[in-house]
Amino acid sequence: MSTTLEIAIFLSMNGQAKEAIDFYKQHLGAEEMMRVTYQQMAERDGSMQLTEENKDYISHSILQIGSTKVMIAEETMDPGEKYTAGNQISLCIQSADLEEIRQFYSSLISDARVKIILPLSSIVFSEAYGVIEDPFGVQLQLMYDKRLG
């Protein structure tokens, strides 16, 4: 395994990401490392639908709490799925080793019990990003992130 591999907690906040970020900063001393709004994402990805209501929503954020990274966004990983307690948490497995991410994805999807939510592909923020749900209902995001190297 590469030395850049890490697993971060990813929380979907159902429209309350800004409040959650502020809460963790105030009460847990979280350091905000990144914040990207829907409006900023729309500048990179023209297919994103912006409204007055959602333009300031959080598309992605990263907080550092102690030695742990917590990622926070508005929506669940599967946009077709209604938000409920339980699907707002996923694990984000990321590495600066592109081949490692590809190998994890191939291994995971070889199990017939795994549900592919988003096939591993190149998207606006990563050369390789995909989302699966394991046989136990845990959603896993797999992401190549060269910044970890």
### Task
Let me see the working for E32 and Y24 under side chain to side chain contact (heavy atoms under 4.5 Å, CB included), right down to the final yes or no.
CA-CA 10 Å; E32 188 171 330; Y24 295 130; over 6 Å; no
### Query
Do F10 and H60 have side-chain heavy atoms sitting under 4.5 Å apart?
yes
### Task
Grab the two heavy atoms, one from G149 and one from T4, that are nearest each other, plus how far apart they are.
CA-CG2, 3.7 Å
### Query
Under 3.5 Å, is there a donor-acceptor pair linking the side chains of S47 and D45?
yes
### Query
So, S12 and E75: side-chain donor and acceptor under 3.5 Å apart, yes or no?
no
### Side-chain H-bond candidate by donor/acceptor type, E100 with S95, under 3.5 Å
yes
### Message
For a quick test of reading the model, state the closest non-hydrogen atom pair linking M143 to S126 and the distance between them.
### Response
CG-OG, 3.6 Å
### Task
Given side chain to side chain contact (heavy atoms under 4.5 Å, CB included), test L5 with D97 step by step and report yes or no.
CA-CA 8 Å; L5 181 68; D97 182 339; over 6 Å; no
### Query
Do the non-hydrogen side-chain atoms of R35 and I21 ever get within less than 4.5 Å of each other?
yes
### Message
Applying side chain to side chain contact (heavy atoms under 4.5 Å, CB included) to I132 and K115, what does each step give before you reach the verdict?
### Response
CA-CA 6 Å; I132 63 99; K115 174 185 171 189; over 6 Å; no
### Message
Determine whether a donor-acceptor pair (N or O, by modelled atom type, separation under 3.5 Å) exists between the side chain of N54 and the backbone of Y57.
### Response
no
### Message
Checking side-chain polar atoms at under 3.5 Å, does Y144 have a donor or acceptor matched by the opposite partner on Q94?
### Response
no
### Query
Looking only at heavy atoms, which two atoms of I65 and A30 are closest? And how far apart?
CG1-CB, 3.5 Å
### Task
Please step through side chain to side chain contact (heavy atoms under 4.5 Å, CB included) for the pair Y38 and K55, ending with a clear verdict.
CA-CA 5 Å; Y38 279 27; K55 71 178 184 177; 5.6 Å; no
### Message
For E53, I'd like to know if atom CD has over 12 heavy atoms of other residues, nucleotides or ligands within 6.0 Å.
### Response
no
### Message
Q26: which residues meet the side chain to side chain donor-acceptor pair (under 3.5 Å) condition with it, sequence neighbours left out?
### Response
none
### Query
Under a single-linkage definition using a 4.5 Å side-chain heavy-atom cutoff for Ile, Leu, Val, Met, Phe, Trp and Tyr, are L148 and Y105 assigned to the same hydrophobic cluster?
no
### Query
Of all heavy-atom pairs between G15 and E74, which one has the smallest distance, and what is that distance?
CA-OE1, 2.8 Å
### Query
L142 versus V131: any side-chain heavy-atom pair under 4.5 Å?
no
### Message
Using every non-hydrogen atom in the two residues, find where I7 and I93 come nearest and quote the distance to one decimal.
### Response
CG1-CG1, 3.8 Å
### Query
Any donor and acceptor pair, going by atom type alone, linking the side chain of S106 with main-chain N or O of R102 inside 3.5 Å?
yes
### Interatomic spacing from CG in L63 to CZ in F23 - rounded to 0.5 Å
12.5 Å
### Summary
Here the pair of heavy atoms bringing S90 nearest to Q141 is OG-NE2, 2.9 Å
